[in-house]
Amino acid sequence: MSRFSAILFDLDGTLLDTAPDFIWCLNTQRARHNLPQLDEHSIRRVVSNGARGLVQLGFGLRPGDRGYDERHTELLELYTDHIAVHTRLFPGLAEVLGHLEAREVPWGIVTNKASQYTLKLLEEMDLLKRCASVVCPDHVTNTKPDPEPVRLAAEQIGVAPERCLYAGDHRRDIESGLAAGMTTVAARYGYLGADENVADWNAHHIIDHGRELFHLIDTHRPETDSA
């Protein structure tokens, strides 16, 4: 049996590798504006920062800059039409989800991706009906790194936060989980910035592959730490 009553995942960069679709969208958008293609690695690094980060990378524009709103809208329209073409579960995660479901351990998603995109993506990936909870920024007053979103997910599932494990690939995920009293897992395989050192996040655990969650799910005791 799992040592946890529920497992929560960040979405982009932790559960799903959404970068390939964002790479296609941003480079397609740049081509429309007669700009050269960006290398995939540079785009992958900023996917966790959402459309705002991608527009900044692709066009050097920030919110409030002239032309930002048009580029932001254009990118999201492209993404809506291309939301799950190349997106996949990260390696090992399909088996982890099956493992949890076979043991009747509920799992959920806590993301800073807006619900209109999150729900569409999960539906197209045949994951929506399998989630015990999906919490997006428009469901809460305070987004990650505030603990409100992960606490809401635990409440929706009906478990205490301290009986939850939360996995994410960004510092804000770990800060959110720690503030809620959850056991945290930093996904080093995710969309890390060039200067990011995962060890600085103070997560309880660090993993480099989804399959490493098997050990944490089945053998972790809350009173012991390993990283």
Side-chain angles (χ1 to χ4, degrees), residues 9-63 65 67-68 70-94 96 109-114 117-118 120-122 124-125 127 144-145 167-176 184-203 205-213 227:
F9 299 91
D10 174 53
L11 188 60
D12 300 74
T14 304
L15 185 65
L16 292 178
D17 185 5
T18 55
D21 285 322
F22 280 114
I23 290 166
W24 182 90
C25 290
L26 184 58
N27 275 330
T28 296
Q29 184 181 20
R30 281 174 60 86
R32 287 182 178 180
H33 297 279
N34 300 311
L35 294 172
Q37 303 287 280
L38 293 175
D39 69 276
E40 295 185 2
H41 186 62
S42 65
I43 299 175
R44 181 174 285 272
R45 283 179 171 175
V46 303
V47 167
S48 285
N49 294 323
R52 178 181 299 184
L54 291 166
V55 171
Q56 182 178 340
L57 174 68
F59 299 96
L61 298 173
R62 299 173 181 268
D65 291 346
Y68 171 85
E70 291 81 2
R71 295 292 182 271
H72 187 266
T73 298
E74 181 182 35
L75 178 63
L76 289 177
E77 288 174 349
L78 278 167
Y79 184 59
T80 299
D81 293 336
H82 205 274
I83 200 167
V85 177
H86 302 296
T87 291
R88 298 290 183 271
L89 287 161
F90 275 101
L93 269 299
V96 167
I109 291 168
V110 182
T111 177
N112 275 0
K113 193 189 198 88
Y117 306 107
T118 296
K120 178 178 174 64
L121 175 59
L122 293 174
E124 295 200 20
M125 296 295 296
L127 293 172
K144 297 182 293 182
D169 72 314
H170 196 282
R171 182 188 290 270
R172 63 174 168 257
D173 301 320
I174 304 307
E175 291 178 351
S176 180
T184 56
V185 179
R188 191 156 47 193
Y189 58 78
Y191 306 144
L192 306 184
D195 58 348
E196 288 283 359
N197 182 357
V198 177
D200 293 339
W201 301 353
N202 297 317
H205 303 277
I206 298 172
I207 61 172
D208 294 296
H209 193 284
R211 63 171 173 264
E212 295 174 55
L213 284 171

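Hydrogens, waters and symmetry mates are skipped; everything else that's a heavy atom, side chains included, is used. All residue numbers in this chain count up from 1 along the given sequence.
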Report yes if some heavy atom in the side chain of R88 is under 4.5 Å from a heavy atom in the side chain of P20; otherwise report no.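 Result no, sub-4.5 Å side-chain heavy-atom pair not found.
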Would you say that T87 contacts E124 through its side chain, given a criterion of any heavy-atom pair below 4.5 Å between the two side chains?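 T87 vs E124: side chains apart.
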I need the [X] [atom1] to [Y] [atom2] distance, nearest 0.5 Å.
X	Y	atom1	atom2	answer
K144	R171	NZ	CZ	14.5 Å
L54	L61	CG	CG	12.5 Å
L127	T118	CG	OG1	12.0 Å
L78	W24	CG	CH2	5.5 Å
W201	E196	CH2	CD	5.0 Å
M125	L11	CE	CG	9.5 Å

Under the ring pair (Phe, Tyr, Trp, His ring centres under 6.0 Å) test, which residues partner Y117, sequence neighbours left out?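 If we apply the ring pair (Phe, Tyr, Trp, His ring centres under 6.0 Å) test to Y117, skipping adjacent residues, there are no hits.
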H86: what forms a ring pair (Phe, Tyr, Trp, His ring centres under 6.0 Å) with it, not counting sequence neighbours?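 Result, ring pair (Phe, Tyr, Trp, His ring centres under 6.0 Å) vs H86: H82.
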Please name all residues satisfying salt bridge (charged side-chain N to carboxylate O under 4.0 Å, His left out) with D169, sequence neighbours left out, ordered by chain then number.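 Checked D169 against salt bridge (charged side-chain N to carboxylate O under 4.0 Å, His left out); zero matches.
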Counting N and O atoms only, with roles assigned by atom type, does the side chain of Q29 sit under 3.5 Å from a partner on the main chain of R71, one being a donor and the other an acceptor?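 Judged by distance alone, yes, a pair lies under 3.5 Å.
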Does H209 reach the main-chain N or O of R211 with its side chain, forming a donor-acceptor pair under 3.5 Å?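 Between the backbone of R211 and the side chain of H209 there is a qualifying donor-acceptor contact (under 3.5 Å).
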Which one of T80, L75, T73, D81 satisfies the side chain to side chain contact (heavy atoms under 4.5 Å, CB included) criterion with E77?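 Only match with E77 under side chain to side chain contact (heavy atoms under 4.5 Å, CB included): T73.
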Using the six-membered ring wherever Trp is involved, compare the ring planes of Y79 and F22 and label them parallel, tilted or perpendicular (cut-offs 30° and 60°).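 Y79 vs F22 ring planes: parallel.
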Nearest heavy-atom neighbours spanning [X] and [Y]:
X	Y	answer
D10	T111	OD1-CA, 4.1 Å
T18	Y191	N-OH, 2.8 Å
L121	K113	CD2-CE, 4.1 Å
T14	A187	CG2-CB, 4.3 Å
I174	V185	CD1-O, 3.6 Å
L93	Y189	CD2-OH, 3.9 Å

Does [atom1] in [X] sit with more than 12 non-hydrogen atoms of other residues, nucleotides or ligands closer than 6.0 Å?
X	atom1	answer
R30	CZ	yes
R188	CZ	yes
Q37	CD	yes

When you look at H205 and E212, which way does the side-chain contact (heavy atoms from CB on, under 4.5 Å) test go after all the steps? CA-CA 10 Å; H205 303 277; E212 295 174 55; over 6 Å; no
Does a salt bridge link D17 with R44, judged by any charged N lying under 4.0 Å from a carboxylate O?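 Yes, D17 and R44 are salt-bridged.
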Polar contact flag, side-chain donor to acceptor under 3.5 angstrom, D39-S42: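 Checked: D39/S42 side chains pair up, N/O donor to acceptor below 3.5 Å.
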